[in-house]
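For reference, the structure discussed in these notes is given below.
Small disclaimer: the values here were computed from a predicted structure and weren't measured. Counting from 1, the numbers follow the sequence of the chain as shown.
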Amino acid sequence: MAFPQSVRLVEVGARDGLQNEPEPVSTETKLELIDRLGAAGLRHIEAASFVSPKWVPQMADHREVITGLKRRDGVVYSALTPNLKGLEAALQCGVDEVAVFGAASESFSQKNINCSVSESLERFAPVLDRAKAANVRVRGYVSCVLGCPYEGEIAPAKVAEVAKALYEMGCYEVSLGDTIGTGTPLKAKRMLEAVARDIPMANLGAHFHDTYGQALANLYAVLEEGIAVIDSSVAGLGGCPYAKGASGNVASEDVIYLLNGLGIDSGIDLSDLAATGTWITQTIGRPNRSKVGVAIAAQ
Ligand SMILES: CC(C)(COP(=O)([O-])OP(=O)([O-])OC[C@H]1O[C@@H](n2cnc3c(N)ncnc32)[C@H](O)[C@@H]1OP(=O)([O-])[O-])[C@@H](O)C(=O)NCCC(=O)NCCSC(=O)C[C@@](C)(O)CC(=O)[O-]
């Protein structure tokens, strides 16, 4: 299969990137980050998470973030909503799109959302129904598609089963999460092949973490298979609270550099994006995990 002509980036830095920060990040900083990302050309920005503030304190200001957005035309601002309570709150704030998040691993599902995989699907069904009634699109995530921090190897068939359930329930897109970044290119291709038997490639996204330095190689592999939606995080911010040792998502700057080199359009200005990565890492006192961002900043 050939590379796609264009790729849509889903920028998850303000959510996945910041949810695990040990020190509080102010709402003002989050809003400025989101605004700068929009200015750099990002057209889908995951901005917040309507989860329990006891479980993920860093996302406790979800209402303030969504209602405080300086909205740009053509930008979709989305949020995670694990249940009806989260969805209702997100709808009240005027979120554009929501996401439910399941897992291909029973143990991860229990640790992350306090229920089994099948219970999670039961919880998501009314979220999908209510969102549909409100005319709000729902994205679905599957975590642990290339390995689990508690169970190790995860069978591609299990990933395909959960992804298919989310798609059939009405998720317009299913994002495949290598939560702990243990995947390698051949594994990523085999997993994608299994999932794509039931779901059109156009409705799938790749959400790869870079813990073992494989994320770009894995992305290259799935781009070759036709994946045209990539989740990434500016400056490679992040880590999952329920996956010890997991480092951030693949850095958005590194993805854009790769796409530019392959002649794949993304509509994103790399120098603006790199400046945003420099700014946010300096602001929150974290290392910049984008090699491209660091190289551009040094010029
Ligand atoms: C899912 C729950 C809420 C279930 O949590 P629970 O304890 O099973 O739920 P509950 O219904 O029994 O409620 C317990 C308490 O939480 C409150 N509550 C209940 N729901 C909400 C809500 N929506 N918003 C705010 N508060 C809520 C509820 O009101 C109650 O409050 P209390 O009476 O104790 O004061 C909990 O487990 C949770 O919040 N987990 C956090 C999960 C999370 O955010 N994980 C990180 C994101 S997923 C991820 O990073 C992976 C991904 C997507 O990036 C892809 C990848 O890389 O793999």
| Rounded to the nearest 0.5 Å, how far does CG of Leu91 lie from CD1 of Ile66? | 11.0 Å

| message | Show me the pairs that pass side chain to side chain donor-acceptor pair (under 3.5 Å) and involve residues 213-222, at least two apart or across chains. | response | none

| message | With ring-ring contact (aromatic ring centres under 6.0 Å, His included) as the rule and sequence neighbours excluded, what pairs involving residues 279-299 come up? | response | none

| Among Val174, Leu80, Val76, Val10, side chain to side chain contact (heavy atoms under 4.5 Å, CB included) partner for Arg139 | Val10

| Taking only residues at least two apart or on different chains, which pairs with a member in residues 115-144 satisfy ring-ring contact (aromatic ring centres under 6.0 Å, His included)? | Tyr141-His207

| Is there side-chain contact between Pro156 and Val195, with at least one heavy-atom pair below 4.5 Å? | no

| said: Under a 3.5 Å distance rule, please check whether Thr29 uses its side chain to pair with a backbone N or O of Val25 as donor and acceptor. | reply: no

| Between Asn249 and Ser232, does any side-chain donor sit less than 3.5 Å from a side-chain acceptor? | no

| remark: The side chain to side chain contact (heavy atoms under 4.5 Å, CB included) partner of Ile45 among Asp96, Leu9, Leu37, Leu33 is Leu37

| message | Suppose we screen for side-chain hydrogen bond (donor to acceptor under 3.5 Å, both in side chains). Which residues come up paired with Ser143, at least two apart in sequence or across chains? | response | none

| said: Please evaluate residues Ser78 and His44 with respect to the criterion side-chain hydrogen bond (donor to acceptor under 3.5 Å, both in side chains), reporting the C-alpha separation (whole Å), side-chain torsions for both, the decisive distance (0.1 Å), and the verdict. | reply: CA-CA 7 Å; Ser78 63; His44 187 153; 3.1 Å; yes

| message | Could you walk me through whether Glu151 and Ser107 satisfy the side-chain hydrogen bond (donor to acceptor under 3.5 Å, both in side chains) test, starting with their C-alpha distance in whole Å, then the side-chain angles of each, then the deciding distance to 0.1 Å, before giving a yes or no? | response | CA-CA 7 Å; Glu151 297 180 10; Ser107 315; 2.5 Å; yes

| field | Shortest non-hydrogen contact between Ile154 and Ser105, atoms and distance | value | CD1-CB, 3.7 Å

| message | Side chains of Ile227 and Leu219, heavy atoms from C-beta outward: is any pair under 4.5 Å? | response | no

| Donor-acceptor pair, Thr211 side chain versus Gly248 backbone, under 3.5 Å? | no

| field | Partner set under salt bridge (Lys or Arg N to Asp or Glu O under 4.0 Å) for Arg289, not counting sequence neighbours | value | none

| Distance under 6.0 Å and angle within 45° of the ring axis: does Lys85 meet both against Phe50? | no

| said: If the threshold is 4.0 Å, N to carboxylate O, is there a salt bridge linking Lys158 and Glu161? | reply: yes

| query | How far apart are the closest heavy atoms of Ile113 and Ser120, and which atoms are they? | reply | CD1-CB, 3.7 Å

| So, the side chain of Thr179 versus the backbone of Cys144: is there a donor-acceptor pair under 3.5 Å, distance only? | yes

| When you check the side-chain N and O atoms of Ser233 and Asp16, is any donor under 3.5 Å from an acceptor? | no

| said: Is it the case that the side chains of Glu11 and Ser252 hold a donor-acceptor pair, with the cut-off being a distance below 3.5 Å and no angle test? | reply: yes

| task | Mind checking side-chain hydrogen bond (donor to acceptor under 3.5 Å, both in side chains) for Asn83 and listing every partner two or more places apart, or none if nothing turns up? | result | none

| Do Lys187 and Asp178 sit within salt-bridge range, that is, some charged N less than 4.0 Å from a carboxylate O? | no

| query | So, Arg137 and Glu173, do they make that salt bridge, N to O below 4.0 Å? | reply | no

| query | Quick one: CD1 on Ile34 to CZ on Arg71, what's the gap to the nearest 0.5 Å? | reply | 10.5 Å

| field | Residue pair Cys115 / Ser109: nearest heavy atoms and the distance that separates them | value | O-OG, 2.7 Å

| Thr184: what forms a side-chain hydrogen bond (donor to acceptor under 3.5 Å, both in side chains) with it, not counting sequence neighbours? | none

| message | Among residues at least two apart in sequence or on other chains, which ones pass salt bridge (Lys or Arg N to Asp or Glu O under 4.0 Å) with Lys189? | response | Glu224, Glu225

| note | Rounding to 0.5 Å, atoms CZ (Arg8) and CD1 (Ile230) come to a distance of 11.0 Å

| Spacing of Leu273 atom CG and Tyr257 atom OH [to the nearest 0.5 Å] | 14.5 Å

| query | Are any of the side-chain heavy atoms of Leu18 and Ile284 separated by less than 4.5 Å? | reply | yes

| task | State which residues pass salt bridge (Lys or Arg N to Asp or Glu O under 4.0 Å) with Asp35; sequence neighbours excluded, sorted by chain then number. | result | Lys70, Arg72

| request: List for me each residue that meets salt bridge (Lys or Arg N to Asp or Glu O under 4.0 Å) alongside Arg190, sequence neighbours excluded, and say none if there are none. | output: none

| message | Using a strict threshold of under 4.0 Å (side-chain N to carboxylate O), is an ion pair present between Glu253 and Lys291? | response | no

| Rounded distance [0.5 Å steps], CG in Leu259 versus CZ in Phe3 | 10.0 Å

| query | Of all heavy-atom pairs between Asp254 and Ser290, which one has the smallest distance, and what is that distance? | reply | OD1-OG, 2.6 Å

| Looking at Ala196 and Met201, what are the two nearest heavy atoms and their distance? | CB-CE, 3.9 Å

| query | So, Asn203 side chain and Tyr172 main chain: donor-acceptor pair closer than 3.5 Å or not? | reply | yes

| Pairwise side-chain contact, Val229 with Leu204, heavy-atom cut-off 4.5 Å (strictly under) | no

| note | Output for pair (Leu176 CG, Leu146 CG), nearest 0.5 Å, gives 8.5 Å

| query | Is there a side-chain hydrogen bond (donor to acceptor under 3.5 Å, both in side chains) between Asp269 and Ser271 once you walk through the steps? | reply | CA-CA 6 Å; Asp269 184 306; Ser271 62; 2.9 Å; yes

| said: Check Arg123 with Glu119, please: is the shortest side-chain N to carboxylate O separation under 4.0 Å? | reply: no

| query | What is the minimum heavy-atom distance between Ala297 and Thr278, and which atoms define it? | reply | CB-OG1, 3.8 Å

| query | If you look only at pairs with a residue in residues 200-215, which of them pass as a salt bridge (charged side-chain N to carboxylate O under 4.0 Å, His left out), with sequence neighbours excluded? | reply | none

| field | Cationic N near anionic O, under 4.0 Å, Lys30 to Asp61 | value | yes

| said: Checking Gln58 now: which residues fulfil side-chain hydrogen bond (donor to acceptor under 3.5 Å, both in side chains) with it, not counting sequence neighbours? | reply: none

| request: Step by step, work out the side-chain hydrogen bond (donor to acceptor under 3.5 Å, both in side chains) result for Tyr150 and Glu106. | output: CA-CA 9 Å; Tyr150 312 105; Glu106 285 297 339; over 6 Å; no

| request: May I ask you to check whether Ser49 and His62 show a side-chain donor-acceptor distance below 3.5 Å? | output: no

